[in-house]
Amino acid sequence: MKRYYQPEIETAPREKILEIQNEKLVKQIHHVWDNVPYYRHLMEERGLTPDDIKTVDDIKKLPFLSKADLRDTYPYGLLGTDLKDCVRIHSTSGTTGKRVVAFYTQHDIDLWEDCCARAIVAAGGTEEDVVQVCYGYGLFTGGSGLHGGSHKVGCLTLPMSSGNTERQIQFMMDLESTIICCTPSYAAYIGESLKEQGFKPEDNKLKAGIFGAEPWTEEMRHEIEKSLGIKAYDIYGLTETSGPGVAFECEEQKGMHINEDHFYAEIIDPDTGEVLPEGSVGELVFTALDKEAFPLLRYRTRDLCVLNRTPCSCGRTHVRMAKPMGRSDDMLIIRGVNVFPSQIETVLLNEGYTPNYQIVLDRERNTDTFDVYVEVSPDQFSDLMGQIQKMEKGLESAMRTMLGIGPKIHLVAPKTITRSEGKAVRVIDKRKLH
Ligand code: ADP
Ligand code: K
Ligand code: ZN
C-alpha cells in the first residue's frame with residue numbers, strides 16, 4: 001500500500017527541507033515586498049529590506065501579522081497578485097468576530113490540495129476508497145479542501161457537504177463510504193444517529209475519518225472511533241494559510257506533521273512575541289513559503305500548542321504539532337481562573353457522559369456565574385431519573401478537581417442541546433452584555 005502522497009518531500013532529510021525553506025523564503029520575501037505595500041511598509045518601519053532575509057533564521061526579524069491586520073486591509077489590502085490571476089475566494093467561519101477573506105491562484109489551490117491529499121494518504125486513502133466529504137462546502141474551506149485532496153488521490157469523492165444527517169447515513173451505507181471527513185462534533189453526531197437507527201459500528205464500511213476545523217480531545221477521539229468503528233485522524237489548518245491540510249496526522253496519531261515545505265512554523269510567547277525554544281507551549285505562527293495570492297508572513301494563529309521534532313515511526317520527517325488546546329481567545333477566565341472548554345469535554349467523557357454540553361457564563365452581583373448544561377444519554381436517562389442530583393454533584397466535584405473551580409451542573413434530557421453539523425458552539429458568554 002502506498003504510504004505517502006509525495007514521498008520524496010514527505011520523507012526528505014531535515015537539511016533538504018531547510019534548503020527548500022530557505023530558497024522559497026528568499027523568493028517569497030521579494031514577492032511580498034514587490035506586491036504588498038502594506039507589508040512592505042511594516043518592514044520599512046523596522047528598517048528591513050528583502051536583503052536582510054536570507055534564511056529561515058532571519059524570519060524572527062520580520063513583523064507579525066494578526067487577524068487585526070486582515071480586518072484592517074479587508075478585502076484586497078494583502079493581495080499578492082492581480083485579481084485577474086486569482087481563481088477562488090474563501091472566508092473564515094467567523095468563530096471569533098468579523099470574517100476575513102482569502103484569495104487563491106490556481107497554484108495556491110494546487111498546493112493546498114496536495115497538502116490535503118497527503119492527509120488522505122496518511123489516513124490510508126487510495127484510489128480504491130470512497131471518501132464522503134461532509135464538511136461544509138461554500139465559503140468555508142473544509143469542503144473544498146478535502147474534496148480537492150480526494151480527487152488528487154483518485155478516490156471516489158462524495159461531495160455531501162454538511163447537514164441532512166439521514167441522507168449522509170443512507171449514502172454512507174448504500175455507496176459504502178470508506179473514509180469520512182467532517183468536524184469531530186459532526187462525526188460524533190453521525191455516530192449517535194447511526195446507533196439510534198440500530199446500526200452497529202461494524203455495519204458500515206468506514207475505516208478512517210479525517211476530522212478537524214475545531215478543537216477536540218483525545219477522549220472525543222476514542223468516542224468517535226468506537227461509535228463509527230474507525231481510526232480517527234486529526235487535520236489542522238486555517239483559512240488564512242489556505243485551509244485544512246497545513247498539518248495532518250499519520251498512523252502514529254501522536255501529533256500532526258506540518259507541511260514544512262509550504263509552511264514555516266514558530267512558537268511564540270503570546271504576550272511578548274518572543275520566539276520560544278523548541279518544546280515550549282505557545283502561540284503557533286505560520287509563514288506561508290510559496291502562496292501567491294495571499295502570502296502571509298509570520299501570521300499569528302492564536303492557537304496554543306507545542307512542536308515536536310522527535311523522529312516519527314511513519315517515516316515522515318516534517319515536524320509535528322500537538323493538538324491545539326484551543327485558541328488563546330477560547331480560554332475563559334471565570335472568577336479569575338483560566339478554563340478551556342476542552343478541559344470540560346475531557347471530564348465529561350471520562351465520567352461517562354456524552355460530548356453534548358454547553359457552557360453558560362453570566363454575572364450576578366458582580367460575580368461570574370458558571371453553568372454547564374450536560375445532556376444525559378437515553379440509557380442514563382431511563383435508569384437514573386431519581387439519581388440526577390447525585391450525578392450532578394459527582395460531576396461538579398470532578399470538574400472542581402480538573403479546573404480548580406466548580407461550575408453548577410445541570411443534567412438535561414437527551415436531544416435538548418443543539419447538535420452541530422459544522423463547528424460546535426460550546427460557550428455562551430453573556431457577561432459582556434452587562
Ligand atoms: P475561524 O477562525 O473563523 O474559525 P477557520 O475556519 O479558518 O475560521 O478556522 C481555523 C481555526 O480552527 C484554527 O485557527 C483553529 O483554531 C481551529 N482548528 C482547525 N483545525 C483544528 C484542529 N485539528 N484542532 C483544533 N483546532 C483546529
Ligand atoms: K476510484
Ligand atoms: Zn508520522
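In this chain, numbering begins with 1 at the start of the sequence shown. Keep in mind the model is a prediction, meaning the values are calculated, not measured. Counting starts at 1 for both ligands and their atoms, following the listed order.
- With a 4.0 Å heavy-atom cut-off, ligand 1 is reached by the backbone of I235 but not by any atom from C-beta on.
- Of the angles at the Zn ion (ligand 3), the one spanning SG of C312 and SG of C314 is 110° when given to 10°.
- Looking at T81 and E292, their side chains never bring a donor and an acceptor atom within 3.5 Å of each other.
- Within the 4.0 Å heavy-atom criterion, the part of D303 lying near ligand 1 is the side chain and not the backbone.
- Each of L65, T287, D69 was compared with Y299 under the side-chain contact (heavy atoms from CB on, under 4.5 Å) criterion, and only L65 meets it.
- Numbered from 1 in the order shown, with element, the atoms of ligand 1 that lie under 4.0 Å from a heavy atom of D234 read 22 (C), 23 (N).
- For K67, the heavy-atom gap to ligand 1 drops under 4.0 angstrom.
- Looking only at atom types and distance, the side chain of E345 has a donor-acceptor partner in the side chain of Y357 under 3.5 Å away.
- Of the listed residues (R316, R118, R320, R221), just one forms a salt bridge (Lys or Arg N to Asp or Glu O under 4.0 Å) with E249, and that residue is R221.
- For E225 and Q253, the side-chain atoms include at least one donor-acceptor pair closer than 3.5 Å.
- Looking at T92 against ligand 1, both its backbone and its side chain come within 4.0 Å, counting heavy atoms.
- If you look at E214 next to ligand 1, the close heavy atoms, those under 4.0 Å, all belong to the backbone.
- Checked against the 6.0 Å centroid criterion, the rings of Y186 and F211 do not qualify as a close aromatic pair.
- For a threshold of 3.5 Å applied to N or O pairs, the pair formed by T301 and ligand 1 contains no separation below that value.
- Where the criterion is an N or O separation shorter than 3.5 Å, residue side chain and backbone included, M256 fails it with respect to ligand 1.
- Checking each of D129, T126, N204 against T178 for a side-chain hydrogen bond (donor to acceptor under 3.5 Å, both in side chains) leaves exactly one that passes, namely D129.
- Backbone and side-chain nitrogen or oxygen atoms of A213 are examined, and one is located within less than 3.5 angstrom of a nitrogen or oxygen of ligand 1.
- Close approach to P324 involves these atoms of ligand 1, each under 4.0 Å from a residue heavy atom: 24 (N), 25 (C).
- For the ring-ring contact (aromatic ring centres under 6.0 Å, His included) with H90, the qualifying choice from F294, Y104, Y137 is Y104, the only one to do so.
- Residue G212 approaches ligand 1 through these ligand atoms, each under 4.0 Å from one of its heavy atoms: 23 (N).
- Residue-ligand proximity: K323 is placed with every non-hydrogen atom at 4.0 Å or more from ligand 1.
- Proximity to L238 (heavy-atom distance under 4.0 Å) selects the following atoms of ligand 1: 7 (O), 10 (C), 14 (O).
- Side-chain atoms of Y264 and Q21 include no donor-acceptor pair closer than 3.5 Å.
- Atom numbering of ligand 1 starts at 1 in the shown order; those under 4.0 Å from a heavy atom of T239 are 5 (P), 6 (O), 7 (O).
- H30 and D34 form no side-chain donor-acceptor contact under 3.5 Å, judged by distance and modelled atom types alone.
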